[in-house]
Number of protein chains: 2
Amino acid sequence: MIDEHEVRDRIVAAADALYYARGIHEVGMDAVRAASGISLKRIYSVFPSKADLVVAVLGERRHVWDRDLGRSLASADGARGRLLAIFDFLRTWFETDDFRGCFFINTYGESGATSEAVHAVVRQQKADFQALVERLALEAGGTEMLGRQLSLLAEGAQTSAAIAGDPSWADDGRAAAEALIDLAIGTVAAPASGSARTHA
Amino acid sequence: MIDEHEVRDRIVAAADALYYARGIHEVGMDAVRAASGISLKRIYSVFPSKADLVVAVLGERRHVWDRDLGRSLASADGARGRLLAIFDFLRTWFETDDFRGCFFINTYGESGATSEAVHAVVRQQKADFQALVERLALEAGGTEMLGRQLSLLAEGAQTSAAIAGDPSWADDGRAAAEALIDLAIGTVAAPASGSARTHA
DNA sequence: AACCGCAGAGAACGAGCGTTCTCAGATTCG
DNA sequence: CGAATCTGAGAACGCTCGTTCTCTGCGGTT
């Protein structure tokens, strides 16, 4: 167990599971030590502080999210299919036993206000996801705004499913996405409301 | 300052502001004491524990949300107008200086996992909002599903606007809502006389 | 005036946290 | 073989927090 890389992975994996299940501030470094089997001294030699470990966990979550979502998108046909596959991906995620909402959103609620480093990672993850959806929306023949609208649906589905404990919110998101996509790319005649904005 | 009721209000108001700005676990009882000007002894005579205070703050947030949203809806015309007014309401809220997302969602991320009482209040608030939107959707001539879809947009707008620090997500939500509503109730060419269902 | 009771201010307490230190045992190298 | 170095386990430290306790002084009643 001298392998620096594996030690790091085990610490992050243990912390990730604990943080996601209980919330970051509810999990002490000693719990990470117990779950990972790595001594405190070694943990601190890899991550100088808990904040560094938190950032590493967020990074790992990002990586896993990108990889898993990417796989789901890769097995879908066409840009429209990939957009809808996002919601299928969410649905299967929501159905997992330990689903407790989006780790990034939860972490923002917990420490976004006080830790700028954490807030930055969360903001970046959300921005990247939105950019991905916008790109797919353009590929599907829609506008950037369509992408933003679909992002909202995906975001809302995550918090709604988490709080209500009901995975079916992914289906509502999917249905709404389908309607918006078809409306935008002209499968259905669109009411030309366009930029009518009564606000401000 | 013997008025039990005013004392309670001042404690809750001080705690609410601090909790929302910094997160609950970042705010100690002593900070609530300093901000409210009420002694610790008195605070504990009204709220036997911090958890009780947290629940009271959540209740007050709920009350304020219901009242303010209700006012916005009351000044809108028709069910369709009231549905869209939700997003105008969100937009003005997002623009306030101290906006830091939905207190309920943030609180869920922070203590929903460990405190069942907190989780219950959060779940109830979201369920009630969803029920309201569903009711409006039915009044507008749409389905329950339309209501659920619009809920997702509102929910997503709150987290997206908070994390990105960008109030304009409310506008994307509004535009998507408009499209979904019109698609659902088929007003593409229908005149305003379609209000066979009247409710003034 | 004398007593009683209560309220305010904040010190005190026990627990838990992040972080550091100690120490015993293993390992390595001359 | 022996000495120097490293490592793991966990005790220890300093701090903060939620909660309780103590002490001091004021107000009301007779």
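Convention: sequence-line order gives letters A, B, ...; per-chain numbering from 1. Quick caveat: nothing in here was measured; it's all calculated off a predicted structure.
Applying the side-chain hydrogen bond (donor to acceptor under 3.5 Å, both in side chains) test to residues at least two apart or on different chains, the pairs with a partner in residues 19-29 of chain B are H25(B)-E110(B). Residue pairs meeting the ring pair (Phe, Tyr, Trp, His ring centres under 6.0 Å) criterion with at least one partner in residues 143-175 of chain A, sequence neighbours excluded, do not occur; the list is empty. Within the structure, the salt bridge (charged side-chain N to carboxylate O under 4.0 Å, His left out) test picks out the following pairs touching residues 52-61 of chain B (sequence neighbours left out): D16(B)-R61(B). Every pair passing side-chain hydrogen bond (donor to acceptor under 3.5 Å, both in side chains) that includes a residue from residues 144-157 of chain A is listed here, sequence neighbours excluded: K126(A)-E155(A), R148(A)-S168(B), R148(A)-D172(B).
For the side-chain contact (heavy atoms from CB on, under 4.5 Å) test, residues two or more places apart in sequence or in another chain that qualify with Q125(B) are R62(B), W65(B), F104(B).
Although no hydrogens or angles enter the test, the distance criterion places no donor-acceptor pair under 3.5 Å between the side chain of S115(A) and the main chain of S111(A).
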Could you list all N or O pairs between the protein and nucleotides 18-20 of chain C that sit under 3.5 Å apart?
residue, atom, partner, partner atom, Å
dG18(C), OP1, K50(A), NZ, 2.4
dG18(C), OP2, M29(A), N, 2.7
dT19(C), OP2, Y44(A), OH, 2.9
dT19(C), OP2, K50(A), N, 2.8

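Rounding to whole angstrom units, CD1 of residue I38(B) and P of dG8(C) are separated by 8 Å. Here the C1' atom of nucleotide dC17(D) and the CD1 atom of I43(B) are 14 Å apart, to the nearest Å. dC17(C) atom P lies 12 Å from atom CZ of R33(A), rounded to whole Å.
OP1 or OP2 of dT7(D) has not a single side-chain nitrogen or oxygen of R42(A) nearer than 4.0 Å.
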